[in-house]
Amino acid sequence: MTSPTFPAFVVSEEKGSQKIQREIQQKTFNDLPPGDVLIEVQYSSLNYKDALSANGNRGVTKHYPHTPGIDAAGVVVESSVPAWQPGDEVICSGYDLGMNTDGGFARYIRVPHSWVVPKPVNMSLLESMQLGTAGFTAALCVLALESNGVKPENGPILITGATGGVGTIALQILAGLGYKVVAVSGKSEARDFLQSFGADEVIDRVSFLANKEKGLLPATWAGVVDTVGGDILATAIKGTGFDGVVTSCGNAASGDLPLNVYPFILRGVHLVGIYAANCPMEKRLLVWSKLSKEWKLERLDALCRRIRLRDLDGEITQMLAGKSKGRCVVQLGD
Ligand SMILES: NC(=O)c1ccc[n+]([C@@H]2O[C@H](COP(=O)([O-])OP(=O)(O)OC[C@H]3O[C@@H](n4cnc5c(N)ncnc54)[C@H](OP(=O)(O)O)[C@@H]3O)[C@@H](O)[C@H]2O)c1
């Protein structure tokens with residue numbers, strides 16, 4: 001196939017300095033990395049990890065120039081393996097996509113076949129990216145709570161970084177399953193927004209941290225979805241009840257965990273780590289299936305803005321400043 005030129009959002013380092021530049025460039029198939037499957041991307045989405053990659057974070061992306069985008073949904077154009085055929089509608093998220101392999105902020109990606117999953121029947125390509133890695137991660141947290149025995153009657157679930165992508169989707173899934181959900185947010189103006197998506201209570205970040213120096217706090221939470229780490233995660237663990245389950249997936253505030261062992265040895269609190277990128281395929285398919293069926297969200301449109309490649313620069317700046325709310329889908333197609 002003759003290679004068309006196509007737009008890609010490229011992050012580069014200015015020569016001789018570590019200053020980052022972001023611009024839209026025209027590329028061809030020859031510029032793409034090797035792989036079995038060429039996909040025409042219809043939608044991608046903006047995740048916190050993309051913002052880090054687009055900001056020169058070497059923990060995410062080692063070499064520039066680079067095209068971020070850990071999420072992509074689109075249509076197979078070429079495949080050298082029988083499992084995927086031209087015309088198949090697919091999702092590719094996680095693994096090395098958008099980290100050190102050029103990612104979904106471009107009209108085309110080329111990836112190994114083992115990274116590709118079929119789009120669930122009961123979900124559109126757009127819906128798959130309205131969820132994206134943030135939604136997939138939120139679902140992994142819910143799965144971890146459920147599989148560790150947390151039931152709605154056990155007590156409330158705390159969600160931190162609640163207005164973010166992971167937080168808002170976890171909130172909706174849990175509220176839909178009948179859990180009482182308490183949201184912690186740094187955005188005082190977001191109370192109505194969070195309540196409209198199912199939060200029973202909203203606690204502002206400063207009040208939540210008022211007793212952060214204490215070793216243990218009243219046993220309140222049956223489960224926690226933490227997206228921010230640091231003092232907030234430590235405070236959440238100290239306030240978790242007997243046999244409660246805390247899922248830790250993010251570090252939007254900090255990668256540290258300032259904590260003693262008392263919640264674990266006096267209350268049997270379980271701390272469960274969540275890592276979406278290398279989630280095994282069997283679990284990956286289960287989670288996408290649940291998101292398309294019993295955990296299907298009816299109000300994704302209200303949660304997501306649709307943007308173009310040209311809007312990414314501003315959205316990334318907002319996200320890094322902790323100011324984003326909900327999800328941002330990047331539309332690559334017409
Ligand atoms: N483990 C995994 O596999 C995995 C997968 C996806 C995402 N993540 C991680 O999960 C986290 C959330 O991702 P996301 O896509 O939801 O990001 P996001 O949309 O940017 O949301 C993060 C939220 O965290 C809160 N926040 C930001 N800065 C903060 C600070 N300094 N102190 C306390 N809270 C702060 C804000 O919510 P409020 O204003 O409402 O408090 C913000 O909206 C990120 O760290 C991301 O890297 C991990």
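Just follow the structure's listing: the first ligand is 1, and inside any ligand the first atom is 1. The residues of the chain are indexed from 1 along the displayed sequence.
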> Give the residue and atom name of whichever protein heavy atom lies nearest to atom 21 (O) of ligand 1, and the separation in Å to one decimal.
G164 CA, 3.1 Å
> Could you list which atoms of ligand 1 come closer than 4.0 Å to a heavy atom of G186?
38 (P), 39 (O), 40 (O), 41 (O)
> Is A253 touching ligand 1 with its side chain, its backbone, both, or neither, if touching means heavy atoms under 4.0 Å apart?
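The answer is both, backbone and side chain.
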> Please report whether ligand 1 has a polar contact with R205, defined as an N or O pair separated by less than 3.5 Å (distance criterion only).
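Yes.
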> Below a 4.0 angstrom heavy-atom separation, can you tell me which part of I274, side chain or backbone, both or neither, approaches ligand 1?
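Looking at I274 and ligand 1, just backbone atoms fall under 4.0 Å.
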> For atom 20 (O) of ligand 1, state which one of Q318, K49, M319 supplies the nearest heavy atom.
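Among Q318, K49, M319, the closest heavy atom to atom 20 (O) of ligand 1 comes from M319.
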> Could you list the atoms of ligand 1 found under 4.0 angstrom from a heavy atom of S185?
38 (P), 39 (O), 40 (O), 41 (O)
> Does T163 approach ligand 1 within less than 4.0 angstrom via side chain, backbone, both or neither, non-hydrogen atoms only?
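The answer is both, backbone and side chain.
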> Any chance the side chains of R327 and T168 put a donor and an acceptor closer than 3.5 Å?
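No.
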> Is the closest N or O pair between K187 and ligand 1 shorter than 3.5 Å?
yes
> Could you give me the CA-CA distance, side-chain angles and deciding distance for D200 and K180, then say whether salt bridge (charged side-chain N to carboxylate O under 4.0 Å, His left out) is met?
CA-CA 6 Å; D200 290 274; K180 180 179 178 192; over 6 Å; no
> Taking only Lys NZ, Arg NE, NH1 and NH2, and the carboxylate oxygens of Asp or Glu, determine whether K296 and E127 approach each other closer than 4.0 Å.
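So K296 pairs with E127 through a salt bridge.
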> Considering distance alone, does some N or O of A276 sit under 3.5 Å from an N or O of ligand 1?
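There is such a contact, yes.
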> Considering only NZ, NE, NH1 and NH2 on the basic side and carboxylate oxygens on the acidic side, decide whether R305 and D311 come within less than 4.0 Å.
no
> Going by an N to O cut-off under 4.0 Å, is there a salt bridge joining R58 and E13?
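Salt bridge present between R58 and E13.
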> State the atoms of ligand 1, each with its element, that fall below the 4.0 Å cut-off from a heavy-atom position in G250.
9 (C), 10 (O), 11 (C), 45 (O)
